[in-house]
Amino acid sequence: MKQNLQSGGRLRPVDLARRHGLSTQAVRNYEAAGILPAAERSAHGYRTYTPRHARALHAFLALVPGHGHRTAAAIMQAVNRDSVEDALRLIDDSHVQLLDDRRTLQAVEAALRDLRPVPEERGDTFVGPLARRLGIRPATLRTWERTGLVQPRRDPRTGYRIYGPVDVRDALLVHQLRRGGHLLEQIAPLLSQVRSAGGVAPLESTLRDWQARLSARGRALLTGAAALDAYLGRPPAHGAGPSVSATASSATV
(Lines give C-alpha, C1' and ligand atoms only; values in the text may rest on other atoms or scores of the structure.)
Protein backbone atom coordinates (compact mmCIF):
# COMPACT_ATOMS: atom_id res chain seq x y z
CA MET A 1 0.00 0.00 0.00
CA LYS A 2 2.68 2.49 0.97
CA GLN A 3 4.65 1.67 -2.15
CA ASN A 4 1.60 2.41 -4.30
CA LEU A 5 1.05 5.76 -2.59
CA GLN A 6 4.61 6.85 -3.05
CA SER A 7 4.92 5.69 -6.65
CA GLY A 8 1.78 7.52 -7.76
CA GLY A 9 0.08 4.20 -8.65
CA ARG A 10 -3.62 3.72 -9.11
CA LEU A 11 -5.61 2.60 -6.08
CA ARG A 12 -8.78 0.62 -5.74
CA PRO A 13 -11.57 1.61 -3.32
CA VAL A 14 -10.53 -1.28 -1.09
CA ASP A 15 -6.98 0.10 -0.90
CA LEU A 16 -8.23 3.37 0.59
CA ALA A 17 -10.76 1.60 2.78
CA ARG A 18 -8.34 -0.84 4.39
CA ARG A 19 -5.81 1.87 5.17
CA HIS A 20 -8.34 3.65 7.39
CA GLY A 21 -10.46 0.74 8.60
CA LEU A 22 -13.41 1.75 6.46
CA SER A 23 -15.75 -0.12 4.19
CA THR A 24 -15.43 0.33 0.43
CA GLN A 25 -19.00 1.66 0.47
CA ALA A 26 -17.94 4.41 2.86
CA VAL A 27 -15.21 5.46 0.45
CA ARG A 28 -17.74 5.56 -2.39
CA ASN A 29 -20.13 7.57 -0.21
CA TYR A 30 -17.41 10.10 0.59
CA GLU A 31 -16.73 10.50 -3.12
CA ALA A 32 -20.42 10.90 -3.90
CA ALA A 33 -20.68 13.56 -1.18
CA GLY A 34 -17.78 15.56 -2.64
CA ILE A 35 -15.49 14.85 0.32
CA LEU A 36 -13.15 13.10 -2.11
CA PRO A 37 -12.47 14.28 -5.65
CA ALA A 38 -14.30 12.39 -8.36
CA ALA A 39 -12.60 9.08 -9.16
CA GLU A 40 -11.40 8.13 -12.58
CA ARG A 41 -12.95 5.08 -14.23
CA SER A 42 -11.18 2.16 -15.80
CA ALA A 43 -12.10 0.83 -19.24
CA HIS A 44 -14.45 -1.58 -17.47
CA GLY A 45 -16.08 1.15 -15.42
CA TYR A 46 -14.30 0.45 -12.12
CA ARG A 47 -13.31 3.35 -9.87
CA THR A 48 -9.61 4.07 -9.67
CA TYR A 49 -8.14 6.40 -7.11
CA THR A 50 -4.77 8.13 -6.81
CA PRO A 51 -2.54 9.28 -3.95
CA ARG A 52 -4.43 12.57 -4.13
CA HIS A 53 -7.60 10.74 -3.09
CA ALA A 54 -5.67 9.05 -0.30
CA ARG A 55 -4.51 12.45 0.97
CA ALA A 56 -8.06 13.81 0.74
CA LEU A 57 -9.43 10.91 2.77
CA HIS A 58 -6.67 11.28 5.34
CA ALA A 59 -7.37 15.02 5.60
CA PHE A 60 -11.09 14.51 6.07
CA LEU A 61 -10.66 11.89 8.79
CA ALA A 62 -8.11 14.12 10.53
CA LEU A 63 -10.52 17.09 10.42
CA VAL A 64 -13.47 15.24 11.95
CA PRO A 65 -12.28 15.09 15.61
CA GLY A 66 -11.73 18.85 15.80
CA HIS A 67 -14.54 20.14 13.59
CA GLY A 68 -17.17 17.43 13.69
CA HIS A 69 -18.35 15.34 10.75
CA ARG A 70 -20.60 17.97 9.14
CA THR A 71 -18.08 20.81 9.19
CA ALA A 72 -15.21 18.54 8.15
CA ALA A 73 -17.30 17.41 5.18
CA ALA A 74 -18.12 21.03 4.28
CA ILE A 75 -14.42 21.95 4.43
CA MET A 76 -13.45 19.16 2.06
CA GLN A 77 -16.34 19.89 -0.28
CA ALA A 78 -15.26 23.54 -0.47
CA VAL A 79 -11.65 22.56 -1.20
CA ASN A 80 -12.67 20.10 -3.90
CA ARG A 81 -14.73 22.72 -5.71
CA ASP A 82 -11.75 25.12 -5.56
CA SER A 83 -13.34 27.35 -2.91
CA VAL A 84 -10.40 27.32 -0.53
CA GLU A 85 -11.43 30.64 1.03
CA ASP A 86 -14.78 29.09 2.02
CA ALA A 87 -12.91 26.19 3.61
CA LEU A 88 -10.66 28.56 5.55
CA ARG A 89 -13.66 30.50 6.84
CA LEU A 90 -15.17 27.26 8.15
CA ILE A 91 -11.89 26.48 9.90
CA ASP A 92 -11.86 29.99 11.39
CA ASP A 93 -15.41 29.47 12.69
CA SER A 94 -14.33 26.32 14.53
CA HIS A 95 -11.45 28.18 16.16
CA VAL A 96 -13.80 30.99 17.18
CA GLN A 97 -16.16 28.44 18.74
CA LEU A 98 -13.28 26.88 20.64
CA LEU A 99 -12.20 30.31 21.89
CA ASP A 100 -15.78 31.05 23.03
CA ASP A 101 -15.87 27.74 24.89
CA ARG A 102 -12.56 28.53 26.57
CA ARG A 103 -13.88 31.92 27.68
CA THR A 104 -17.01 30.27 29.06
CA LEU A 105 -14.86 27.85 31.04
CA GLN A 106 -12.77 30.73 32.39
CA ALA A 107 -15.96 32.58 33.41
CA VAL A 108 -17.25 29.49 35.18
CA GLU A 109 -13.94 29.03 37.02
CA ALA A 110 -13.90 32.70 38.03
CA ALA A 111 -17.49 32.50 39.25
CA LEU A 112 -16.77 29.41 41.33
CA ARG A 113 -14.01 31.26 43.14
CA ASP A 114 -16.66 33.73 44.32
CA LEU A 115 -18.91 31.04 45.77
CA ARG A 116 -19.25 30.08 49.39
CA PRO A 117 -20.50 26.61 50.39
CA VAL A 118 -24.26 26.33 49.95
CA PRO A 119 -25.98 24.42 52.76
CA GLU A 120 -27.88 21.31 51.78
CA GLU A 121 -31.57 22.05 51.51
CA ARG A 122 -34.51 19.95 52.61
CA GLY A 123 -38.16 20.38 51.78
CA ASP A 124 -39.99 22.75 49.48
CA THR A 125 -40.66 26.47 49.76
CA PHE A 126 -42.60 29.13 47.91
CA VAL A 127 -41.61 32.34 46.16
CA GLY A 128 -42.42 34.67 49.08
CA PRO A 129 -40.45 32.87 51.80
CA LEU A 130 -37.50 32.29 49.46
CA ALA A 131 -37.46 35.95 48.42
CA ARG A 132 -37.47 37.04 52.07
CA ARG A 133 -34.64 34.63 52.87
CA LEU A 134 -32.51 36.14 50.08
CA GLY A 135 -33.55 39.70 50.80
CA ILE A 136 -34.88 40.26 47.30
CA ARG A 137 -38.26 40.91 45.72
CA PRO A 138 -40.39 38.03 44.42
CA ALA A 139 -40.25 39.75 41.02
CA THR A 140 -36.50 39.16 40.95
CA LEU A 141 -37.02 35.42 41.40
CA ARG A 142 -39.54 35.50 38.56
CA THR A 143 -36.97 37.27 36.36
CA TRP A 144 -34.45 34.57 37.14
CA GLU A 145 -37.09 31.99 36.23
CA ARG A 146 -37.80 33.64 32.87
CA THR A 147 -34.09 33.50 32.03
CA GLY A 148 -33.88 29.83 33.05
CA LEU A 149 -31.63 30.39 36.07
CA VAL A 150 -34.15 28.87 38.47
CA GLN A 151 -36.72 26.31 37.43
CA PRO A 152 -39.44 25.89 40.07
CA ARG A 153 -42.27 23.53 39.38
CA ARG A 154 -45.93 24.53 39.59
CA ASP A 155 -48.46 23.12 42.00
CA PRO A 156 -50.98 21.43 39.66
CA ARG A 157 -53.90 22.47 41.86
CA THR A 158 -53.06 26.07 42.80
CA GLY A 159 -50.50 27.02 40.14
CA TYR A 160 -48.13 28.35 42.81
CA ARG A 161 -44.41 28.11 42.21
CA ILE A 162 -42.77 25.45 44.35
CA TYR A 163 -39.02 25.65 44.93
CA GLY A 164 -37.49 22.27 45.73
CA PRO A 165 -34.06 21.81 47.36
CA VAL A 166 -32.25 22.01 44.00
CA ASP A 167 -34.17 25.18 43.05
CA VAL A 168 -33.27 26.80 46.37
CA ARG A 169 -29.63 25.87 45.81
CA ASP A 170 -29.71 27.45 42.36
CA ALA A 171 -31.36 30.61 43.72
CA LEU A 172 -28.70 30.90 46.44
CA LEU A 173 -25.94 30.50 43.85
CA VAL A 174 -27.49 33.10 41.55
CA HIS A 175 -27.87 35.49 44.48
CA GLN A 176 -24.22 35.05 45.48
CA LEU A 177 -22.99 35.56 41.94
CA ARG A 178 -25.19 38.60 41.33
CA ARG A 179 -23.80 40.19 44.48
CA GLY A 180 -20.34 39.41 43.12
CA GLY A 181 -21.12 41.50 40.02
CA HIS A 182 -21.77 38.67 37.55
CA LEU A 183 -24.31 39.24 34.80
CA LEU A 184 -27.22 36.85 34.29
CA GLU A 185 -25.79 35.66 30.97
CA GLN A 186 -22.51 34.87 32.73
CA ILE A 187 -24.29 32.90 35.44
CA ALA A 188 -26.26 30.69 33.03
CA PRO A 189 -23.31 28.49 31.88
CA LEU A 190 -22.18 28.05 35.48
CA LEU A 191 -25.59 26.78 36.60
CA SER A 192 -25.69 24.48 33.59
CA GLN A 193 -22.42 22.95 34.76
CA VAL A 194 -23.62 22.75 38.37
CA ARG A 195 -26.76 20.91 37.28
CA SER A 196 -24.93 18.47 35.01
CA ALA A 197 -22.37 17.77 37.75
CA GLY A 198 -25.06 17.22 40.38
CA GLY A 199 -23.98 20.14 42.56
CA VAL A 200 -21.07 22.44 43.27
CA ALA A 201 -18.90 19.90 45.08
CA PRO A 202 -18.35 17.54 42.09
CA LEU A 203 -17.82 20.48 39.73
CA GLU A 204 -14.04 20.61 40.17
CA SER A 205 -13.69 17.24 38.46
CA THR A 206 -16.16 18.32 35.79
CA LEU A 207 -14.12 21.45 35.06
CA ARG A 208 -10.93 19.39 34.73
CA ASP A 209 -12.69 17.11 32.25
CA TRP A 210 -14.05 20.15 30.40
CA GLN A 211 -10.56 21.65 30.17
CA ALA A 212 -9.16 18.32 28.93
CA ARG A 213 -11.82 18.15 26.21
CA LEU A 214 -11.04 21.69 25.08
CA SER A 215 -7.33 20.90 24.95
CA ALA A 216 -8.00 17.72 22.97
CA ARG A 217 -10.15 19.72 20.54
CA GLY A 218 -7.39 22.28 20.13
CA ARG A 219 -4.85 19.57 19.34
CA ALA A 220 -7.30 17.93 16.94
CA LEU A 221 -7.72 21.23 15.09
CA LEU A 222 -3.95 21.40 14.65
CA THR A 223 -3.77 17.81 13.42
CA GLY A 224 -6.58 18.41 10.95
CA ALA A 225 -4.96 21.61 9.70
CA ALA A 226 -1.67 19.80 9.06
CA ALA A 227 -3.41 17.03 7.09
CA LEU A 228 -5.42 19.55 5.07
CA ASP A 229 -2.29 21.57 4.37
CA ALA A 230 -0.62 18.41 3.06
CA TYR A 231 -3.60 17.83 0.78
CA LEU A 232 -3.42 21.39 -0.52
CA GLY A 233 0.35 21.46 -0.75
CA ARG A 234 0.89 20.00 -4.22
CA PRO A 235 -0.94 20.07 -7.56
CA PRO A 236 -3.32 17.13 -8.07
CA ALA A 237 -1.10 15.44 -10.67
CA HIS A 238 1.85 15.01 -8.29
CA GLY A 239 2.48 12.28 -5.77
CA ALA A 240 1.92 12.31 -2.04
CA GLY A 241 1.84 15.72 -0.37
CA PRO A 242 4.60 17.10 1.83
CA SER A 243 5.01 15.73 5.31
CA VAL A 244 3.78 17.70 8.31
CA SER A 245 7.36 18.45 9.29
CA ALA A 246 8.16 19.76 5.82
CA THR A 247 5.06 21.95 5.87
CA ALA A 248 5.97 23.33 9.29
CA SER A 249 9.55 24.00 8.13
CA SER A 250 8.44 25.89 5.05
CA ALA A 251 6.08 27.99 7.18
CA THR A 252 8.96 29.22 9.30
CA VAL A 253 11.15 30.36 6.39
Practice task
Quick one: do Thr147 and Glu185 satisfy side chain to side chain contact (heavy atoms under 4.5 Å, CB included)? Show the steps, please.
Solution key: CA-CA 9 Å; Thr147 56; Glu185 56 266 29; over 6 Å; no

Exercise for the section: Quick one: do Leu22 and Leu61 satisfy side chain to side chain contact (heavy atoms under 4.5 Å, CB included)? Show the steps, please. Expected result: CA-CA 11 Å; Leu22 301 172; Leu61 296 176; 4.2 Å; yes

Handout entry: Trace of the side chain to side chain contact (heavy atoms under 4.5 Å, CB included) decision for Tyr231 with Met76
Key = CA-CA 10 Å; Tyr231 178 52; Met76 294 303 299; 3.7 Å; yes

Exercise for the section: Please test Tyr49 against Leu57 for side chain to side chain contact (heavy atoms under 4.5 Å, CB included), starting from the C-alpha separation and ending with a verdict. Expected result: CA-CA 11 Å; Tyr49 295 111; Leu57 181 58; over 6 Å; no

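Here CZ of Arg102 is found 5.0 Å from OG of Ser215. Values are rounded to the nearest 0.5 Å. Interatomic distance, His95 NE2 to Leu90 CG, rounded to the nearest 0.5 Å: 11.5 Å. Atom OG1 of residue Thr143 and atom CD1 of residue Ile136 lie 9.0 Å apart, to the nearest 0.5 angstrom. Between the CG atom in Leu184 and the CZ atom in Arg146 there is a gap of 10.5 Å [rounded to 0.5 Å]. The line from CD1 of Ile75 to CG of Asn80 is 12.0 Å long, rounded to the nearest 0.5 Å. Rounding to the nearest 0.5 angstrom, the gap separating the CD atom in Gln176 from the CG atom in Leu134 is 10.0 Å.
When all heavy atoms of Leu16 and Leu11 are compared, the pair lying nearest together is CD2-CD1, 3.9 Å. Gln151 and Asp167 make their closest contact through O-OD1, 3.2 Å (heavy atoms, listed as atom of the first residue, atom of the second, distance). Annotation for Leu63 and Ala72: closest pair CB-CB, 3.7 Å, computed over non-hydrogen atoms. Here the shortest heavy-atom pairing between Val79 and Ala87 reads CG2-CB, 3.7 Å. When every heavy atom of Ala171 is checked against every heavy atom of Leu130, the shortest pair comes out as CB-CD2, 4.0 Å. Smallest separation of non-hydrogen atoms from Trp210 and Asp101: CZ2-O, 4.1 Å.
Looking at Ser192, its side chain never comes within 3.5 Å of a backbone N or O of Ala188 through a donor-acceptor pair. For the pair Thr223 (side chain) and Arg219 (backbone), a donor-acceptor distance under 3.5 Å is present. A distance-only check finds a donor-acceptor pair linking the side chain of His53 to the backbone of Thr50 [under 3.5 Å]. Listed for the Ser83 side chain is no donor-acceptor partner under 3.5 Å among the backbone atoms of Asp86.
Considering only heavy atoms from C-beta on, Pro165 comes within 4.5 Å of Asp124 through its side chain. In this structure, the side chains of Arg133 and Val168 come closer than 4.5 Å at one or more pairs of heavy atoms. Contact check for Gln97 versus Arg217: side-chain heavy atoms found under the 4.5 Å cut-off. In this structure, the side chains of Leu149 and Asp170 stay at 4.5 Å or more apart for every pair of heavy atoms. Contact of the Leu191 side chain with the Trp144 side chain is not registered, since no non-hydrogen atoms from C-beta on lie closer than 4.5 Å. In this structure, Leu228 and Ile91 have side chains that are in contact, with non-hydrogen atoms separated by less than 4.5 Å.
Between Arg89 and Asp92 there is no salt bridge, since no side-chain N of the basic residue sits under 4.0 Å from a carboxylate O of the acidic one.
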Side chains of residues 32-41: which donor-acceptor partners sit under 3.5 Å, not counting sequence neighbours?
| unit_1 | atom_1 | unit_2 | atom_2 | d |
| --- | --- | --- | --- | --- |
| Glu40 | OE1 | Arg10 | NH1 | 3.4 |
| Arg41 | NH1 | Gly45 | O | 2.8 |

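Counting heavy atoms of neighbouring residues, nucleotides and ligands inside a 6.0 Å radius, atom CZ of Arg81 exceeds 12 of them.
By the side-chain hydrogen bond (donor to acceptor under 3.5 Å, both in side chains) test, Asp93 is found to be paired with no residue, residues two or more places apart in sequence or in another chain being considered. Evaluation of the salt bridge (Lys or Arg N to Asp or Glu O under 4.0 Å) rule for Arg161 yields Glu145 as partners, not counting sequence neighbours. Residues forming a side-chain hydrogen bond (donor to acceptor under 3.5 Å, both in side chains) with Tyr163 (at least two apart in sequence, or on another chain): none.
Through chains of ILVMFWY side-chain contacts below 4.5 Å, Tyr160 is grouped with Phe126, Ile162.
Within the structure, the side-chain hydrogen bond (donor to acceptor under 3.5 Å, both in side chains) test picks out the following pairs touching residues 56-78 (sequence neighbours left out): His67-Ser94.
Linking Ile, Leu, Val, Met, Phe, Trp and Tyr whenever their side-chain heavy atoms come within less than 4.5 Å leaves Phe60 and Val14 in two separate clusters.
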